[in-house]
Structure formats: structure tokens, C-alpha cells
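For reference, the structure discussed in these notes is given below.
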Amino acid sequence: MKVPASPPINTDDLLARSHAIAGLSLGELAKMANINIPANLQRHKGWPGQLLELWLGASAGSKPQQDFPELAIELKTVPIDACGKPLETTYVCYAPLLMSPGITWETSSVRNKLQQVLWVPLEGDRRIPLAERRVATAVLWQPSAQEDAQLREDWEELTEMVLLGKVENITAKHGDMLQMRPKAANGSVLTDALGPEGQRIRTRPRGFYLRKAFTHNILLNAFD
DNA sequence: GCGTGATCATAT
DNA sequence: ATATGATCACGC
């Protein structure tokens with residue numbers, strides 16, 4: 001088996017690729033792709049995701065769009081425990097802290113990113129050596145009306161706080177399903193935002209993240 | 001610095 | 001034991 005040379009031509013093609021690697025270990029996939037496997041993820045936190053991008057033919061790079069623009073599908077790898085429960089929250093996208101007035105849920109980058117996601121669960125238990133962790137069966141997901149409504153509620157709450165200049169009051173406890181948390185190289189990175197008196201302030205960049213319970217439900221519903 | 005890929009590690 | 005807040009690497 002070799003890594004694909006071009007992006008998937010359609011959704012079935014992408015699903016076939018994901019099924020072809022299900023059950024294989026990261027070590028096997030790295031070896032066949034001729035790339036080195038890091039000793040651990042401490043300094044290579046994005047490595048599993050990048051390996052899967054390679055195997056599924058996602059266009060590499062850091063574009064603020066979906067991984068498969070032609071298919072309008074976003075790729076997310078999610079580490080799971082032995083019971084299939086996510087071990088980590090899922091990063092969605094960068095959170096704009098200086099927004100155009102007309103921003104709505106419908107036009108938000110969160111909703112755009114989450115319109116269609118190929119979830120690729122992966123054994124993530126830290127007791128399993130990285131090379132031995134296996135890829136599980138992928139799940140192609142589109143938010144239900146209920147999920148969309150839940151996300152919208154959280155997004156609107158968080159966005160309203162940002163628009164009111166209360167970004168510094170936001171913690172990861174806000175939002176039932178969608179959180180806003182720091183997203184930067186380190187704590188000294190600063191960006192512009194709106195302060196409580198309408199003034200410009202400097203604050204840590206933020207990102208949107210999906211809580212584990214939300215992702216867990218997506219994986220559970222896939223077996224209905 | 002922004003945005004991608006995320007996981008780490010300490011407080012709780 | 002777990003979630004929050006912090007952090008790591010890379011391209012541009």
C-alpha cells in the first residue's frame with residue numbers, strides 16, 4: 001500500500017481510503033509512507049493528524065478552509081481510550097477577536113468547518129507505544145439539527161462576550177459543547193481584541209474547541 | 001503573528 | 001481522575 005498521490009475524487013473515494021487504513025498501526029503507516037516516527041508526541045503534537053492527512057490525500061498546509069475543499073469535508077483525528085471515548089478535546093478553528101459587526105452563526109468559521117467532518121479515531125492511550133497505536137474506523141458526520149442548535153447556542157454566547165469586550169472573562173467552562181481556550185505557541189503571544197470600555201486591548205489568541213462529550217456522541221451515533 | 005495539526009501537564 | 005489553561009512544531 002502506498003500514500004495517494006492526489007486528493008480523493010469524491011466522498012466514496014475518501015471513505016475507501018479511510019477504510020483501507022483502518023486497523024493499521026501508526027508505525028505501519030509511517031513505514032509505508034517512508035517517514036520517521038517520533039519517540040513521543042511531546043514535541044510532535046500534530047504528528048498523528050499530519051500522518052493521516054498524508055494517507056487520505058489531504059492538501060497539506062495551514063489554509064483556513066476544509067482539508068478537502070472540493071468535497072467540503074474537514075478531517076479530524078481524535079485520540080480515544082480502550083472504550084472508544086475521546087481523550088482530548090477537538091480543536092475547531094481560530095477564534096476571531098475583532099469581528100465584523102454582521103457576523104452570524106451561519107457565516108461563522110466554526111459552522112463552516114463543522115458542516116461535514118471525517119472523524120478518524122485513533123488509539124491514544126499513552127501506555128501504548130506510539131508506533132503500535134492503531135487507526136480505527138472513520139466516521140463521516142454532518143451535524144444534526146439538534147447538534148447544530150447546541151453549537152449555535154454556545155457560539156452565540158461566546159461571540160457575544162467577545163463583541164461586548166469581555167473576552168478576558170471567557171474561560172473553558174463556558175459553552176456546553178463548544179469552548180473557547182487559548183491557542184498560541186506560548187503565553188507571551190498577544191493579539192488585538194476589544195476591551196470592556198470599547199478600547200483596544202492585547203490578549204492571548206483563542207481557539208474554538210469541541211468538548212469530549214460532544215465528540216463521543218458523534219462516535220456513538222455512528223454505530224446506530 | 002495567524003492558522004494549521006493537536007497534546008501536554010498542572011490545578012482542581 | 002479529569003478539564004483547563006498552556007504549550008509544541010510548521011508554513012507563510
Side-chain angles (χ1 to χ4, degrees), chain A residues 3 7 26 29-30 33 35-69 73-83 85-100 108-110 112-114 117-131 133 135 138 154 158 161-162 167-193 200-216:
Chain A
V3 300
L26 295 183
L29 292 173
I35 63 173
N36 290 116
I37 187 160
N40 57 63
L41 295 180
Q42 283 184 18
R43 296 191 167 271
H44 303 272
K45 296 181 181 181
W47 187 81
Q50 287 161 0
L51 182 65
L52 269 295
E53 282 184 348
L54 187 66
W55 274 99
L56 297 177
S59 37
S62 56
K63 310 179 198 70
Q65 359 173 332
Q66 282 114 342
D67 295 287
F68 303 99
I73 294 177
E74 172 73 8
L75 172 66
K76 289 292 177 197
T77 65
V78 51
I80 55 171
D81 67 13
C83 302
K85 289 169 58 178
L87 289 164
E88 295 288 350
T89 55
T90 300
Y91 171 67
V92 180
C93 62
Y94 216 71
L97 299 183
L98 292 174
M99 285 170 292
S100 5
S108 70
S109 48
V110 173
N112 180 55
K113 277 278 178 102
L114 296 181
V117 179
L118 183 69
W119 296 94
V120 184
L122 182 66
E123 286 179 329
D125 190 321
R126 279 142 102 151
R127 290 169 299 191
I128 306 174
L130 187 56
R133 297 182 198 174
V135 175
D154 290 339
L158 294 165
M161 289 185 75
V162 171
V167 63
E168 301 279 31
N169 297 336
I170 296 175
T171 75
K173 294 182 179 64
H174 289 91
D176 293 333
M177 298 300 167
L178 188 72
Q179 310 169 288
M180 192 181 284
R181 310 213 308 270
K183 171 64 172 169
N186 58 64
S188 70
V189 176
L190 296 174
T191 192
D192 288 341
R200 189 182 69 94
I201 62 168
R202 301 282 287 164
T203 191
R204 284 153 34 257
R206 313 300 164 93
F208 286 106
Y209 296 80
L210 294 175
R211 290 189 183 277
K212 289 189 276 187
F214 188 79
T215 312
H216 190 201

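In what follows, chains carry the letters A, B, and so on, assigned in the order in which the sequence lines appear, proteins first and then strands, with residues in each chain numbered from 1.
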Ion pair check, Arg202(A) and Glu168(A), cut-off under 4.0 Å: no
Exam field: side chain Lys76(A) to backbone Tyr91(A), donor-acceptor pair closer than 3.5 Å: yes
Sequence-distant partners of Glu53(A), side chain to side chain contact (heavy atoms under 4.5 Å, CB included), two or more places apart: Gln50(A), Ala58(A), Asp67(A), Leu75(A)
Contact interval (first through last nucleotide) of DNA chain C with protein chain A, 4.0 Å heavy-atom: dA3(C) to dG11(C)
Inter-end axis angle, the helix from dG1(B)-dC12(C) to dT12(B)-dA1(C), with every axis fitted to five base pairs (rounded, 10 degrees): 30°
Residue whose nearest DNA chain C nucleotide is more 5′ - Arg43(A) or Arg204(A): Arg204(A)
Where protein sits on nucleotides 4-11 of chain B, one letter per nucleotide: B base, S sugar-phosphate only, - none, heavy atoms under 4.0 Å: BBBBBS--
For Phe68(A), all residues meeting ring pair (Phe, Tyr, Trp, His ring centres under 6.0 Å), sequence neighbours excluded: none
Donor-acceptor contact below 3.5 Å, side chain Arg200(A) vs main chain Asp192(A): no
Test side chain to side chain contact (heavy atoms under 4.5 Å, CB included) applied to Pro79(A) - qualifying residues, sequence neighbours left out: Leu87(A), Glu88(A)
Interatomic distance, Tyr209(A) atom OH to Thr90(A) atom OG1 [nearest 0.5 angstrom]: 10.5 Å
Flag, side chain of Arg43(A) to backbone of Pro38(A), donor-acceptor distance under 3.5 Å: no
Heavy-atom side-chain proximity of Leu26(A) to Val135(A) below 4.5 angstrom: yes
Shortest non-hydrogen contact between Gln65(A) and Glu74(A), atoms and distance: O-OE1, 3.7 Å
